[in-house]
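To start, the structure under review is shown below, and the notes come after it.
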Amino acid sequence: MRKFLSSLLLALPMIAMAQSASIEQCQQWAQENYPLTQRYDIIRQTEGFTLKNIAKGWLPQIGVTAQGSYQSAVPEYPKVLSDMLSQMGTEMKGISPLQYKATIDVQQTIYDGGVINSKRDVAKASSKVKEAVADVQMYALRERVNDLCFAILLIDQRLKLNEEMQRTIDSNRQRLATMLQGGVAMQADVDAMSAELATARQQHTDIEAQRGALIKVLSLFTGKEITEVSTPCPLGRGTGEGPLRPELRLFDSQLSLTVAKERALRASLLPKIGAFTQGYYGYLGMNIFRDMMKRTPTLNGIIGIKASWNISALYTHKNDRAKLELERQTINNDRDVFLFNQKLQSSQEDSNIRRYRQLISEDDGICQLRHNVREAAEAKLEAGIIDVNTLILEISRENQAKINKVIHETELLQHQYKLQNIKGYETK
(Lines give C-alpha, C1' and ligand atoms only; values in the text may rest on other atoms or scores of the structure.)
Protein backbone atom coordinates (compact mmCIF):
# COMPACT_ATOMS: atom_id res chain seq x y z
CA MET A 1 0.00 0.00 0.00
CA ARG A 2 2.85 2.38 0.88
CA LYS A 3 4.51 1.74 -2.47
CA PHE A 4 1.20 2.32 -4.23
CA LEU A 5 0.67 5.64 -2.46
CA SER A 6 4.22 6.73 -3.25
CA SER A 7 3.73 5.92 -6.94
CA LEU A 8 0.43 7.79 -6.93
CA LEU A 9 2.02 10.89 -5.37
CA LEU A 10 4.78 10.83 -8.00
CA ALA A 11 2.21 10.57 -10.77
CA LEU A 12 0.03 13.41 -9.45
CA PRO A 13 2.13 16.25 -11.01
CA MET A 14 1.89 14.58 -14.43
CA ILE A 15 -1.84 14.02 -14.01
CA ALA A 16 -2.27 17.65 -12.98
CA MET A 17 -0.30 18.85 -15.99
CA ALA A 18 -2.36 16.77 -18.46
CA GLN A 19 -5.04 19.14 -19.66
CA SER A 20 -7.18 20.51 -22.41
CA ALA A 21 -5.95 23.74 -23.95
CA SER A 22 -7.10 26.35 -26.44
CA ILE A 23 -5.05 27.30 -29.48
CA GLU A 24 -4.19 30.64 -27.87
CA GLN A 25 -2.91 28.91 -24.74
CA CYS A 26 -0.80 26.56 -26.84
CA GLN A 27 0.70 29.54 -28.67
CA GLN A 28 1.57 31.27 -25.41
CA TRP A 29 3.06 28.14 -23.84
CA ALA A 30 5.05 27.37 -26.98
CA GLN A 31 6.57 30.86 -26.97
CA GLU A 32 7.43 30.59 -23.28
CA ASN A 33 8.94 27.11 -23.75
CA TYR A 34 10.83 27.84 -26.98
CA PRO A 35 14.63 28.07 -26.38
CA LEU A 36 14.75 31.30 -28.39
CA THR A 37 13.09 33.04 -25.41
CA GLN A 38 16.44 32.97 -23.61
CA ARG A 39 17.93 35.18 -26.32
CA TYR A 40 15.98 38.21 -25.08
CA ASP A 41 17.77 38.05 -21.73
CA ILE A 42 21.10 37.59 -23.51
CA ILE A 43 20.44 40.66 -25.67
CA ARG A 44 19.49 42.77 -22.64
CA GLN A 45 22.57 41.69 -20.69
CA THR A 46 24.84 42.34 -23.65
CA GLU A 47 23.33 45.80 -24.09
CA GLY A 48 23.86 46.56 -20.40
CA PHE A 49 27.54 45.61 -20.51
CA THR A 50 28.06 47.54 -23.76
CA LEU A 51 26.46 50.72 -22.35
CA LYS A 52 28.55 50.48 -19.18
CA ASN A 53 31.73 50.17 -21.25
CA ILE A 54 30.74 53.14 -23.41
CA ALA A 55 29.96 55.28 -20.34
CA LYS A 56 33.47 54.62 -19.07
CA GLY A 57 34.72 56.72 -21.96
CA TRP A 58 34.18 59.73 -19.65
CA LEU A 59 36.56 58.28 -17.06
CA PRO A 60 40.23 59.36 -17.09
CA GLN A 61 42.26 57.26 -19.48
CA ILE A 62 45.48 56.23 -17.75
CA GLY A 63 48.57 54.82 -19.41
CA VAL A 64 51.85 53.65 -17.87
CA THR A 65 55.07 53.26 -19.88
CA ALA A 66 58.70 52.59 -19.12
CA GLN A 67 61.60 52.97 -21.50
CA GLY A 68 65.36 53.00 -21.65
CA SER A 69 67.60 54.18 -24.48
CA TYR A 70 71.16 54.80 -25.48
CA GLN A 71 71.75 57.75 -27.80
CA SER A 72 74.57 57.94 -30.31
CA ALA A 73 74.87 61.69 -29.74
CA VAL A 74 73.74 64.14 -27.05
CA PRO A 75 73.85 67.92 -26.65
CA GLU A 76 77.27 69.14 -25.34
CA TYR A 77 78.76 72.39 -24.10
CA PRO A 78 81.12 74.15 -26.54
CA LYS A 79 84.72 73.26 -25.72
CA VAL A 80 85.63 76.89 -25.02
CA LEU A 81 82.80 77.19 -22.47
CA SER A 82 83.62 73.79 -20.94
CA ASP A 83 87.32 74.77 -20.51
CA MET A 84 86.31 78.10 -18.97
CA LEU A 85 83.99 76.41 -16.43
CA SER A 86 86.69 73.85 -15.64
CA GLN A 87 89.20 76.61 -14.86
CA MET A 88 86.62 78.13 -12.52
CA GLY A 89 86.40 74.79 -10.67
CA THR A 90 82.98 73.79 -12.04
CA GLU A 91 82.82 70.33 -13.52
CA MET A 92 80.16 69.80 -16.20
CA LYS A 93 79.65 66.11 -17.03
CA GLY A 94 77.19 66.86 -19.81
CA ILE A 95 74.15 64.80 -20.75
CA SER A 96 74.60 61.05 -20.53
CA PRO A 97 73.79 59.03 -23.65
CA LEU A 98 72.12 56.46 -21.37
CA GLN A 99 68.58 57.66 -20.58
CA TYR A 100 65.57 56.01 -18.89
CA LYS A 101 62.20 56.93 -17.45
CA ALA A 102 58.85 55.55 -16.16
CA THR A 103 55.81 57.60 -17.25
CA ILE A 104 52.20 57.93 -16.15
CA ASP A 105 49.95 59.60 -18.74
CA VAL A 106 46.38 60.69 -17.82
CA GLN A 107 43.89 61.90 -20.47
CA GLN A 108 40.48 63.32 -19.50
CA THR A 109 37.84 64.00 -22.15
CA ILE A 110 36.03 67.31 -21.68
CA TYR A 111 34.17 67.53 -25.01
CA ASP A 112 34.09 64.71 -27.55
CA GLY A 113 31.65 66.17 -30.07
CA GLY A 114 28.96 63.67 -29.05
CA VAL A 115 30.94 60.53 -29.93
CA ILE A 116 30.19 58.73 -26.65
CA ASN A 117 26.50 59.58 -26.77
CA SER A 118 26.26 58.46 -30.39
CA LYS A 119 27.95 55.15 -29.52
CA ARG A 120 25.38 54.64 -26.79
CA ASP A 121 22.53 55.35 -29.24
CA VAL A 122 23.99 52.90 -31.77
CA ALA A 123 24.30 50.21 -29.08
CA LYS A 124 20.66 50.68 -28.00
CA ALA A 125 19.41 50.68 -31.59
CA SER A 126 21.42 47.52 -32.36
CA SER A 127 19.80 45.76 -29.39
CA LYS A 128 16.36 46.78 -30.64
CA VAL A 129 17.16 45.26 -34.03
CA LYS A 130 18.28 41.99 -32.42
CA GLU A 131 15.12 41.86 -30.31
CA ALA A 132 12.99 42.53 -33.39
CA VAL A 133 14.72 39.67 -35.25
CA ALA A 134 13.90 37.37 -32.32
CA ASP A 135 10.29 38.65 -32.38
CA VAL A 136 9.99 37.68 -36.06
CA GLN A 137 11.26 34.17 -35.33
CA MET A 138 8.92 33.83 -32.34
CA TYR A 139 5.95 35.00 -34.41
CA ALA A 140 6.65 32.32 -37.02
CA LEU A 141 6.19 29.77 -34.24
CA ARG A 142 2.48 30.63 -34.11
CA GLU A 143 1.88 29.14 -37.56
CA ARG A 144 3.56 25.86 -36.59
CA VAL A 145 1.48 25.60 -33.41
CA ASN A 146 -1.70 26.41 -35.34
CA ASP A 147 -1.01 23.64 -37.87
CA LEU A 148 -0.50 21.11 -35.07
CA CYS A 149 -3.66 22.17 -33.23
CA PHE A 150 -5.88 22.05 -36.30
CA ALA A 151 -4.44 18.68 -37.32
CA ILE A 152 -5.40 17.35 -33.88
CA LEU A 153 -8.87 18.89 -34.12
CA LEU A 154 -9.40 17.28 -37.54
CA ILE A 155 -8.25 13.89 -36.28
CA ASP A 156 -10.61 14.17 -33.29
CA GLN A 157 -13.51 14.73 -35.66
CA ARG A 158 -12.43 11.78 -37.80
CA LEU A 159 -12.33 9.58 -34.71
CA LYS A 160 -15.90 10.57 -33.81
CA LEU A 161 -17.11 9.87 -37.34
CA ASN A 162 -15.27 6.55 -37.37
CA GLU A 163 -16.96 5.53 -34.12
CA GLU A 164 -20.33 6.58 -35.56
CA MET A 165 -19.66 4.52 -38.68
CA GLN A 166 -18.70 1.54 -36.52
CA ARG A 167 -22.02 1.78 -34.70
CA THR A 168 -23.89 1.90 -38.04
CA ILE A 169 -21.97 -1.08 -39.42
CA ASP A 170 -22.39 -3.07 -36.20
CA SER A 171 -26.12 -2.32 -36.17
CA ASN A 172 -26.44 -3.66 -39.70
CA ARG A 173 -24.25 -6.66 -38.87
CA GLN A 174 -26.57 -7.55 -35.99
CA ARG A 175 -29.60 -7.10 -38.26
CA LEU A 176 -28.04 -9.43 -40.84
CA ALA A 177 -27.22 -11.97 -38.13
CA THR A 178 -30.91 -11.97 -37.15
CA MET A 179 -31.90 -12.33 -40.80
CA LEU A 180 -29.45 -15.23 -41.11
CA GLN A 181 -31.20 -17.02 -38.27
CA GLY A 182 -34.50 -16.44 -40.08
CA GLY A 183 -33.06 -17.83 -43.26
CA VAL A 184 -33.37 -14.63 -45.30
CA ALA A 185 -29.64 -13.77 -45.34
CA MET A 186 -26.45 -15.64 -46.08
CA GLN A 187 -23.40 -16.13 -43.87
CA ALA A 188 -21.32 -14.33 -46.51
CA ASP A 189 -23.40 -11.19 -45.94
CA VAL A 190 -22.72 -11.30 -42.21
CA ASP A 191 -19.02 -11.96 -42.86
CA ALA A 192 -18.79 -9.06 -45.27
CA MET A 193 -20.31 -6.69 -42.71
CA SER A 194 -18.03 -8.10 -39.99
CA ALA A 195 -14.99 -7.55 -42.22
CA GLU A 196 -16.09 -3.96 -42.83
CA LEU A 197 -16.45 -3.46 -39.06
CA ALA A 198 -12.96 -4.86 -38.49
CA THR A 199 -11.59 -2.52 -41.17
CA ALA A 200 -13.26 0.47 -39.49
CA ARG A 201 -11.77 -0.53 -36.13
CA GLN A 202 -8.37 -0.86 -37.77
CA GLN A 203 -8.74 2.64 -39.22
CA HIS A 204 -9.66 3.88 -35.74
CA THR A 205 -6.47 2.40 -34.32
CA ASP A 206 -4.37 4.04 -37.05
CA ILE A 207 -6.04 7.43 -36.53
CA GLU A 208 -5.49 7.18 -32.76
CA ALA A 209 -1.79 6.50 -33.37
CA GLN A 210 -1.57 9.60 -35.58
CA ARG A 211 -3.30 11.64 -32.89
CA GLY A 212 -0.90 10.38 -30.23
CA ALA A 213 2.09 11.41 -32.34
CA LEU A 214 0.67 14.91 -32.92
CA ILE A 215 -0.21 15.32 -29.22
CA LYS A 216 3.34 14.34 -28.29
CA VAL A 217 4.83 16.91 -30.68
CA LEU A 218 2.48 19.62 -29.37
CA SER A 219 3.38 18.73 -25.78
CA LEU A 220 7.07 19.05 -26.64
CA PHE A 221 6.41 22.45 -28.21
CA THR A 222 4.46 23.76 -25.23
CA GLY A 223 6.24 21.97 -22.40
CA LYS A 224 2.82 20.85 -21.10
CA GLU A 225 1.16 17.44 -21.01
CA ILE A 226 -1.77 18.33 -23.26
CA THR A 227 -4.51 15.73 -23.75
CA GLU A 228 -6.73 17.60 -26.19
CA VAL A 229 -7.22 20.90 -27.99
CA SER A 230 -10.49 22.71 -27.49
CA THR A 231 -12.41 23.67 -30.61
CA PRO A 232 -12.10 27.43 -31.27
CA CYS A 233 -15.00 29.66 -32.14
CA PRO A 234 -15.19 31.02 -35.71
CA LEU A 235 -13.26 34.25 -36.11
CA GLY A 236 -14.57 37.41 -37.69
CA ARG A 237 -12.74 39.52 -40.20
CA GLY A 238 -11.60 41.84 -37.42
CA THR A 239 -12.14 45.54 -37.08
CA GLY A 240 -9.63 48.28 -36.59
CA GLU A 241 -5.89 47.87 -36.78
CA GLY A 242 -4.40 45.03 -34.83
CA PRO A 243 -0.87 44.99 -33.46
CA LEU A 244 1.86 45.48 -36.02
CA ARG A 245 3.54 42.45 -37.47
CA PRO A 246 7.01 42.02 -35.90
CA GLU A 247 8.54 42.33 -39.37
CA LEU A 248 7.32 45.93 -39.54
CA ARG A 249 8.80 46.65 -36.11
CA LEU A 250 12.04 45.13 -37.38
CA PHE A 251 12.11 47.52 -40.34
CA ASP A 252 11.44 50.48 -38.00
CA SER A 253 14.25 49.45 -35.66
CA GLN A 254 16.64 49.03 -38.60
CA LEU A 255 15.80 52.56 -39.79
CA SER A 256 16.38 53.87 -36.26
CA LEU A 257 19.78 52.20 -36.29
CA THR A 258 20.75 54.03 -39.50
CA VAL A 259 19.73 57.34 -37.87
CA ALA A 260 21.97 56.57 -34.89
CA LYS A 261 24.83 55.69 -37.23
CA GLU A 262 24.37 58.99 -39.07
CA ARG A 263 24.62 60.92 -35.79
CA ALA A 264 27.82 59.02 -35.03
CA LEU A 265 29.19 60.09 -38.42
CA ARG A 266 28.48 63.74 -37.66
CA ALA A 267 30.07 63.42 -34.22
CA SER A 268 33.26 62.05 -35.76
CA LEU A 269 33.72 65.34 -37.67
CA LEU A 270 33.65 67.60 -34.62
CA PRO A 271 36.79 68.68 -32.73
CA LYS A 272 37.65 67.12 -29.37
CA ILE A 273 38.78 68.92 -26.22
CA GLY A 274 40.49 67.25 -23.30
CA ALA A 275 42.74 67.79 -20.32
CA PHE A 276 45.94 65.87 -19.82
CA THR A 277 48.65 65.39 -17.29
CA GLN A 278 51.90 63.50 -17.54
CA GLY A 279 54.37 62.63 -14.85
CA TYR A 280 57.54 60.64 -15.15
CA TYR A 281 60.50 59.65 -13.07
CA GLY A 282 63.82 59.19 -14.77
CA TYR A 283 66.75 60.70 -16.54
CA LEU A 284 66.77 62.96 -18.63
CA GLY A 285 64.43 65.37 -16.84
CA MET A 286 63.02 68.74 -17.84
CA ASN A 287 65.85 70.72 -16.21
CA ILE A 288 68.58 70.00 -18.70
CA PHE A 289 71.18 72.22 -17.00
CA ARG A 290 70.78 70.28 -13.77
CA ASP A 291 71.03 66.96 -15.63
CA MET A 292 74.27 68.12 -17.24
CA MET A 293 75.78 68.47 -13.81
CA LYS A 294 74.10 65.48 -12.11
CA ARG A 295 73.18 62.27 -13.83
CA THR A 296 70.54 61.19 -11.33
CA PRO A 297 66.81 60.60 -11.98
CA THR A 298 64.26 63.25 -11.07
CA LEU A 299 60.47 63.53 -10.81
CA ASN A 300 58.90 65.62 -13.58
CA GLY A 301 55.34 66.57 -14.54
CA ILE A 302 53.24 68.54 -16.99
CA ILE A 303 49.53 69.43 -17.09
CA GLY A 304 47.46 71.16 -19.73
CA ILE A 305 44.48 71.27 -22.10
CA LYS A 306 44.54 70.24 -25.73
CA ALA A 307 42.18 70.45 -28.68
CA SER A 308 42.29 68.05 -31.61
CA TRP A 309 40.41 67.80 -34.88
CA ASN A 310 40.78 64.78 -37.14
CA ILE A 311 39.91 66.30 -40.49
CA SER A 312 40.76 63.04 -42.30
CA ALA A 313 37.21 61.88 -41.41
CA LEU A 314 36.04 64.34 -44.09
CA TYR A 315 37.64 62.16 -46.77
CA THR A 316 35.08 59.36 -46.41
CA HIS A 317 32.18 61.28 -44.85
CA LYS A 318 30.28 61.78 -48.11
CA ASN A 319 30.62 58.13 -49.11
CA ASP A 320 29.65 56.95 -45.63
CA ARG A 321 26.48 59.02 -45.73
CA ALA A 322 25.71 57.68 -49.20
CA LYS A 323 26.10 54.12 -47.90
CA LEU A 324 23.67 54.84 -45.06
CA GLU A 325 21.18 56.27 -47.51
CA LEU A 326 21.43 53.12 -49.63
CA GLU A 327 20.94 51.06 -46.48
CA ARG A 328 17.75 53.00 -45.73
CA GLN A 329 16.53 52.47 -49.29
CA THR A 330 17.16 48.74 -48.93
CA ILE A 331 15.18 48.60 -45.68
CA ASN A 332 12.30 50.53 -47.22
CA ASN A 333 12.37 48.23 -50.23
CA ASP A 334 12.23 45.20 -47.91
CA ARG A 335 9.23 46.78 -46.20
CA ASP A 336 7.48 47.32 -49.55
CA VAL A 337 8.16 43.72 -50.57
CA PHE A 338 6.80 42.46 -47.25
CA LEU A 339 3.64 44.57 -47.50
CA PHE A 340 3.12 43.45 -51.09
CA ASN A 341 3.44 39.78 -50.13
CA GLN A 342 1.22 40.35 -47.11
CA LYS A 343 -1.46 41.81 -49.35
CA LEU A 344 -1.22 38.85 -51.74
CA GLN A 345 -1.42 36.34 -48.87
CA SER A 346 -4.39 38.16 -47.33
CA SER A 347 -6.21 38.13 -50.68
CA GLN A 348 -5.52 34.43 -51.07
CA GLU A 349 -6.79 33.63 -47.58
CA ASP A 350 -9.91 35.74 -48.18
CA SER A 351 -10.60 33.63 -51.26
CA ASN A 352 -10.03 30.41 -49.31
CA ILE A 353 -12.41 31.54 -46.56
CA ARG A 354 -15.15 32.35 -49.07
CA ARG A 355 -14.60 29.02 -50.82
CA TYR A 356 -14.88 26.97 -47.63
CA ARG A 357 -17.94 28.88 -46.49
CA GLN A 358 -19.60 28.01 -49.77
CA LEU A 359 -18.58 24.36 -49.45
CA ILE A 360 -19.90 24.19 -45.88
CA SER A 361 -23.22 25.65 -46.96
CA GLU A 362 -23.56 22.70 -49.38
CA ASP A 363 -22.20 20.03 -47.02
CA ASP A 364 -25.32 19.82 -44.83
CA GLY A 365 -27.49 19.03 -47.84
CA ILE A 366 -25.05 16.42 -49.15
CA CYS A 367 -24.80 14.75 -45.73
CA GLN A 368 -28.58 14.64 -45.38
CA LEU A 369 -28.96 13.12 -48.85
CA ARG A 370 -26.29 10.50 -48.14
CA HIS A 371 -28.02 9.71 -44.85
CA ASN A 372 -31.33 9.23 -46.65
CA VAL A 373 -29.71 7.01 -49.29
CA ARG A 374 -28.04 4.87 -46.63
CA GLU A 375 -31.31 4.39 -44.71
CA ALA A 376 -33.07 3.50 -47.98
CA ALA A 377 -30.30 1.00 -48.75
CA GLU A 378 -30.83 -0.62 -45.34
CA ALA A 379 -34.55 -0.99 -46.11
CA LYS A 380 -33.81 -2.40 -49.57
CA LEU A 381 -31.38 -4.90 -48.08
CA GLU A 382 -34.06 -6.15 -45.71
CA ALA A 383 -36.42 -6.45 -48.64
CA GLY A 384 -33.79 -8.35 -50.60
CA ILE A 385 -33.61 -5.78 -53.41
CA ILE A 386 -29.85 -5.04 -53.04
CA ASP A 387 -26.88 -6.97 -51.76
CA VAL A 388 -24.77 -6.19 -48.70
CA ASN A 389 -21.92 -4.71 -50.75
CA THR A 390 -24.23 -1.95 -52.00
CA LEU A 391 -25.13 -1.07 -48.40
CA ILE A 392 -21.47 -1.04 -47.37
CA LEU A 393 -20.77 1.33 -50.26
CA GLU A 394 -23.56 3.70 -49.16
CA ILE A 395 -22.32 3.64 -45.54
CA SER A 396 -18.84 4.57 -46.75
CA ARG A 397 -20.22 7.35 -48.93
CA GLU A 398 -22.21 8.80 -46.03
CA ASN A 399 -19.14 8.67 -43.79
CA GLN A 400 -17.01 10.33 -46.48
CA ALA A 401 -19.58 13.13 -46.85
CA LYS A 402 -19.38 13.77 -43.10
CA ILE A 403 -15.58 13.67 -43.24
CA ASN A 404 -15.62 16.24 -46.06
CA LYS A 405 -17.83 18.49 -43.93
CA VAL A 406 -15.56 18.42 -40.86
CA ILE A 407 -12.53 18.93 -43.13
CA HIS A 408 -14.14 22.00 -44.65
CA GLU A 409 -15.13 23.35 -41.20
CA THR A 410 -11.63 22.79 -39.83
CA GLU A 411 -9.99 24.26 -42.91
CA LEU A 412 -12.25 27.33 -42.62
CA LEU A 413 -11.10 27.93 -39.03
CA GLN A 414 -7.47 27.31 -39.99
CA HIS A 415 -7.59 29.81 -42.85
CA GLN A 416 -9.27 32.36 -40.56
CA TYR A 417 -6.39 31.97 -38.11
CA LYS A 418 -3.91 32.23 -40.98
CA LEU A 419 -5.53 35.47 -42.07
CA GLN A 420 -5.32 36.82 -38.52
CA ASN A 421 -1.68 35.77 -38.39
CA ILE A 422 -0.90 37.44 -41.73
CA LYS A 423 -2.57 40.72 -40.79
CA GLY A 424 -1.09 40.77 -37.31
CA TYR A 425 -4.33 40.56 -35.36
CA GLU A 426 -4.33 38.88 -32.00
CA THR A 427 -6.83 36.04 -31.89
CA LYS A 428 -9.19 36.29 -28.94
Side-chain angles (χ1 to χ4, degrees), residues 15 18 20 149-216 226-234 355-414:
I15 296 174
S20 173
C149 290
F150 282 109
I152 293 171
L153 289 171
L154 182 57
I155 282 183
D156 287 341
Q157 292 297 323
R158 289 185 61 192
L159 285 172
K160 292 179 182 178
L161 293 175
N162 181 274
E163 292 167 359
E164 182 181 334
M165 184 176 69
Q166 287 185 48
R167 288 192 294 269
T168 302
I169 294 173
D170 189 50
S171 175
N172 282 280
R173 182 184 64 81
Q174 293 177 13
R175 184 181 296 111
L176 285 170
T178 302
M179 293 171 63
L180 176 64
Q181 293 176 357
V184 293
M186 296 186 296
Q187 182 63 45
D189 295 335
V190 177
D191 292 343
M193 196 63 71
S194 297
E196 191 67 21
L197 179 60
T199 301
R201 288 172 177 169
Q202 188 181 54
Q203 291 174 352
H204 191 277
T205 300
D206 181 57
I207 296 172
E208 277 189 328
Q210 295 177 32
R211 185 184 190 279
L214 289 172
I215 284 289
K216 185 176 181 180
I226 296 174
T227 55
E228 62 178 304
V229 178
S230 57
T231 304
C233 297
R355 176 165 62 93
Y356 281 108
R357 282 177 175 159
Q358 180 64 32
L359 291 174
I360 291 171
S361 68
E362 300 170 353
D363 280 329
D364 289 332
I366 294 174
C367 289
Q368 185 60 49
L369 290 173
R370 286 297 178 190
H371 177 74
N372 295 339
V373 171
R374 191 259 302 170
E375 287 185 337
E378 290 175 344
K380 289 179 181 179
L381 180 64
E382 288 185 5
I385 300 175
I386 61 172
D387 60 12
V388 69
N389 290 327
T390 302
L391 176 57
I392 291 174
L393 179 60
E394 295 303 333
I395 292 174
S396 298
R397 286 175 174 174
E398 180 189 12
N399 183 68
Q400 186 59 51
K402 293 179 179 179
I403 290 176
N404 290 339
K405 179 182 177 182
V406 298
I407 288 176
H408 295 158
E409 290 173 343
T410 306
E411 288 286 343
L412 173 61
L413 282 172
Q414 187 170 10

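If you read the sequence from its start, that first residue is 1, and numbering goes on from there.
- Remark: Gln157 pairs with no residue by the side-chain hydrogen bond (donor to acceptor under 3.5 Å, both in side chains) rule, at least two apart or across chains.
- Ile360 CD1 to Glu411 CD: the interatomic distance, rounded to the nearest 0.5 Å, is 10.0 Å.
- Note that the CD1 atom of Ile407 and the OH atom of Tyr356 stand 9.0 Å from one another [nearest 0.5 Å].
- The shortest distance between side-chain heavy atoms of Leu176 and Leu381 falls below 4.5 Å.
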(message) For a salt bridge (charged side-chain N to carboxylate O under 4.0 Å, His left out) check, start with the C-alpha distance between Arg167 and Asp170, then their side-chain angles and the critical distance, and finish with the verdict.
(response) CA-CA 5 Å; Arg167 288 192 294 269; Asp170 189 50; over 6 Å; no
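- Taking the side chain as every heavy atom from C-beta outward, Val388 and Met186 never approach each other to under 4.5 Å.
- Arg357 is listed as a side-chain neighbour of Leu412, based on a closest heavy-atom distance under 4.5 Å.
- Contacts classified as side chain to side chain donor-acceptor pair (under 3.5 Å) and involving residues 379-393 (residues at least two apart or in different chains) are given here: Arg175-Glu382, Asp387-Thr390.
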(request) Please test Lys402 against Glu398 for salt bridge (charged side-chain N to carboxylate O under 4.0 Å, His left out), starting from the C-alpha separation and ending with a verdict. (result) CA-CA 6 Å; Lys402 293 179 179 179; Glu398 180 189 12; 3.5 Å; yes
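- Remark: Ser230 OG to Asp156 CG distance equals 10.5 Å, nearest 0.5 Å.
- Side chains of His371 and Arg374: a donor-acceptor N/O pair is present below 3.5 angstrom, by distance only.
- Atoms CD and CD1, on Glu228 and Ile152 in that order, are 10.0 Å from each other to the nearest 0.5 Å.
- Using modelled atom types, one finds a donor on one side chain and an acceptor on the other under 3.5 Å when comparing Gln166 with Asn162.
- Side chains of Ile395 and Asn399 form no contact here, defined as non-hydrogen atoms less than 4.5 Å apart.
- Every pair passing side chain to side chain donor-acceptor pair (under 3.5 Å) that includes a residue from residues 180-189 is listed here, sequence neighbours excluded: Gln187-Asp191.
- The minimum heavy-atom distance linking Cys149 with Val229 is given by the pair CB-CG1, 4.1 Å.
- Side-chain contact annotation: Gln202 with Asp206, donor-acceptor N/O pair under 3.5 Å absent.
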(request) Go through the steps to decide whether Lys405 and Ile366 satisfy the test side-chain contact (heavy atoms from CB on, under 4.5 Å), and finish with yes or no. (result) CA-CA 9 Å; Lys405 179 182 177 182; Ile366 294 174; over 6 Å; no
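- Applying the side-chain contact (heavy atoms from CB on, under 4.5 Å) rule to Thr410 yields the partners Phe150, Leu154; only residues at least two apart in sequence or on another chain are considered.
- Cys367 SG to Glu362 CD: the interatomic distance, rounded to the nearest 0.5 Å, is 11.5 Å.
- For the atom pair OG (Ser194) and CG (Asn172), the distance works out to 11.5 Å, reported to the nearest 0.5 Å.
- The two residues Ala151 and Leu214 come nearest to each other via the heavy atoms CB-CD1, 3.7 Å.
- Panel note: side chain His408, backbone Asn404; a donor-acceptor pair is recorded below 3.5 Å.
- Contacts of Glu196 classified as side-chain hydrogen bond (donor to acceptor under 3.5 Å, both in side chains), with partners at least two apart in sequence or in another chain: none.
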(request) Start with the C-alpha distance between Asn372 and Gln368, add both sets of side-chain angles, then the distance that settles side-chain hydrogen bond (donor to acceptor under 3.5 Å, both in side chains), and finish with yes or no. (result) CA-CA 6 Å; Asn372 295 339; Gln368 185 60 49; 3.1 Å; yes
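- Counting only heavy atoms from C-beta outward, the side chains of Gln414 and Leu153 never approach each other to under 4.5 Å.
- Between Ile386 and Ala377, the shortest heavy-atom contact is CD1-O, 3.2 Å.
- Among residues two or more places apart in sequence or in another chain, the salt bridge (Lys or Arg N to Asp or Glu O under 4.0 Å) test is passed with Arg158 by none.
- Ion pairing of Glu394 with Arg397 is present here, as a side-chain N (NZ or NE/NH1/NH2) and a carboxylate O approach within less than 4.0 Å.
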